[in-house]
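Side chains are part of it too, since the values below use all heavy atoms of this structure and drop only hydrogens, waters and symmetry mates.
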Amino acid sequence: MKTKQKRIDNADRKILSIIGQDARVPLKDVAKVCNMSRAAVHQRVLKMMENGVITGSHYVVNPQSVGYLTCTFVGISLDKGSRYQSVVDQISKIPEVVECHFTTGPYTMLIKLYARDNTQLMDLLNHQIQKIEGVISTETLISLEQSIDKPLRIEAE
């Protein structure tokens with residue numbers, strides 16, 4: 001994910017520290033804590049969205065509650081790093097893939113995916129991911145438990 005580095009001031013950091021913990025907090029409450037008007041907070045949030053500082057807001061669905069029992073990280077090696085974008089284009093068509101990163105180290109890329117079970121995981125690996133042109137190998141790491149899941153902490157200076 002490429003974003004331009006935009007400077008944010010201390011007021012923006014304070015807003016981010018609040019909404020980063022709970023995106024549903026009413027802006028009037030954020031304004032009160034920041035000693036600003038609701039309109040000023042709203043304008044700052046819109047500007048941070050426009051500048052790529054805030055990249056979205058969404059509800060997080062527990063994958064297990066909708067039948068996806070296996071969380072997996074897959075290291076993918078490509079025959080050429082220059083194939084990365086074309087492989088990403090193909091990987092993005094697989095609904096179970098939720099993250100993809102271009103990496104350094106032993107893999108060209110690392111993806112995170114959810115599968116309903118090991119049978120589906122094997123199908124995703126053998127019949128979809130490994131069939132993509134340029135993919136020469138994969139290494140699969142199944143997550144047994146996610147112990148930490150928290151937003152990035154933003155502090156006002």
Side-chain angles (χ1 to χ4, degrees), residues 1-25 30 44-157:
M1 175 174 66
K2 295 179 184 177
T3 56
K4 287 184 180 180
Q5 188 69 24
K6 296 289 182 177
R7 297 252 339 137
I8 59 172
D9 63 17
N10 208 36
D12 290 337
R13 286 183 170 279
K14 196 165 190 176
I15 292 167
L16 288 172
S17 73
I18 298 167
I19 66 174
Q21 298 302 309
D22 180 4
R24 295 178 293 178
V25 66
V30 177
R44 284 177 172 268
V45 168
L46 289 177
K47 191 71 159 174
M48 286 188 280
M49 290 171 77
E50 181 181 298
N51 290 334
V53 175
I54 298 172
T55 59
S57 63
H58 57 275
Y59 290 102
V60 178
V61 176
N62 177 346
Q64 290 184 337
S65 69
V66 292
Y68 288 89
L69 304 179
T70 304
C71 174
T72 307
F73 296 89
V74 181
I76 300 174
S77 296
L78 304 180
D79 59 358
K80 296 186 282 190
S82 61
R83 286 196 195 261
Y84 176 73
Q85 193 54 56
S86 66
V87 173
V88 168
D89 292 344
Q90 295 303 306
I91 293 278
S92 68
K93 295 175 185 174
I94 302 171
E96 294 82 1
V97 174
V98 296
E99 290 183 25
C100 179
H101 303 268
F102 196 13
T103 61
T104 62
Y107 314 114
T108 311
M109 54 199 304
L110 184 68
I111 63 172
K112 178 180 178 181
L113 64 83
Y114 289 98
R116 294 188 182 281
D117 53 33
N118 287 346
T119 301
Q120 185 193 23
L121 175 59
M122 193 167 66
D123 180 67
L124 289 167
L125 292 168
N126 294 339
H127 299 111
Q128 292 187 54
I129 296 168
Q130 292 173 353
K131 296 225 175 183
I132 296 172
E133 187 175 342
V135 172
I136 56 172
S137 68
T138 60
E139 184 172 346
T140 305
L141 303 145
I142 294 176
S143 172
L144 300 175
E145 175 183 303
Q146 181 176 341
S147 303
I148 298 172
D149 181 19
K150 63 182 182 178
L152 179 64
R153 184 173 174 183
I154 309 296
E155 295 184 17
E157 297 175 340

Show the nearest heavy-atom pair for residues R13 and I154, with the distance to one decimal. O-CG2, 3.7 Å
With heavy-atom distances below 4.5 Å as the criterion, would you say the side chains of V88 and M109 are in contact? yes
Residue pair R24, Y59: steps toward the side-chain contact (heavy atoms from CB on, under 4.5 Å) verdict: CA-CA 10 Å; R24 295 178 293 178; Y59 290 102; 3.9 Å; yes
Are the side chains of V45 and V30 in touch, meaning some heavy atoms are under 4.5 Å apart? no
Q128 versus I94, closest heavy-atom pair with distance: OE1-CG1, 3.5 Å
In Å and rounded to the nearest 0.5 Å, what is the NZ to CG distance from K131 to N126? 8.5 Å
Can you measure from CZ (R83) to CD1 (I76) and round to the nearest 0.5 angstrom? 14.0 Å
So CD1 of I142 and CZ of F73: to nearest 0.5 Å the spacing works out to 11.5 Å
Provide the closest heavy-atom pair for Y84 versus H101 in the form atom of the first, atom of the second, distance. OH-C, 3.7 Å
Just how far is it from atom CG of L152 to atom OG of S17, taken to the nearest 0.5 Å? 11.5 Å
Considering residues at least two apart in sequence or located in another chain, which fulfil the side-chain hydrogen bond (donor to acceptor under 3.5 Å, both in side chains) criterion with S147? E145
Looking at every heavy atom in both C71 and Y114, which two are closest together, and how far apart are they? CB-CE2, 3.6 Å
Where is the tightest heavy-atom contact between P106 and S77, given as atom of each residue plus distance? O-OG, 3.6 Å
Within the distance-only criterion (no hydrogens, no angle test), does the side chain of T108 pair as donor or acceptor with the backbone N or O of L78 below 3.5 angstrom? yes
Can a donor-acceptor pair be found, under 3.5 Å and without considering hydrogens, that links the side chain of T55 to the backbone of G52? no
Would you compute the distance between atom NZ of K14 and atom CD1 of I19 and round it to the nearest 0.5 angstrom? 14.0 Å
From L125 atom CG to E139 atom CD, the distance as rounded to the nearest 0.5 Å: 11.5 Å
Closest non-hydrogen atom pair between I15 and R44, with its separation: CD1-CD, 3.6 Å
Could you verify whether a donor N or O on one side chain and an acceptor N or O on the other, from E96 and Q120, lie under 3.5 Å apart? yes
Going by the side chain to side chain contact (heavy atoms under 4.5 Å, CB included) test, name the single residue among L124, I129, L121 that passes it with T140. L121
For the side chain of D117 and the backbone of T119, is there at least one donor-acceptor N/O pair under 3.5 Å apart? yes
Taking C-beta and beyond as the side chain, do Q90 and E133 meet within less than 4.5 Å on heavy atoms? no
Could you walk me through whether R116 and D123 pass the salt bridge (charged side-chain N to carboxylate O under 4.0 Å, His left out) test, one step at a time? CA-CA 11 Å; R116 294 188 182 281; D123 180 67; over 6 Å; no
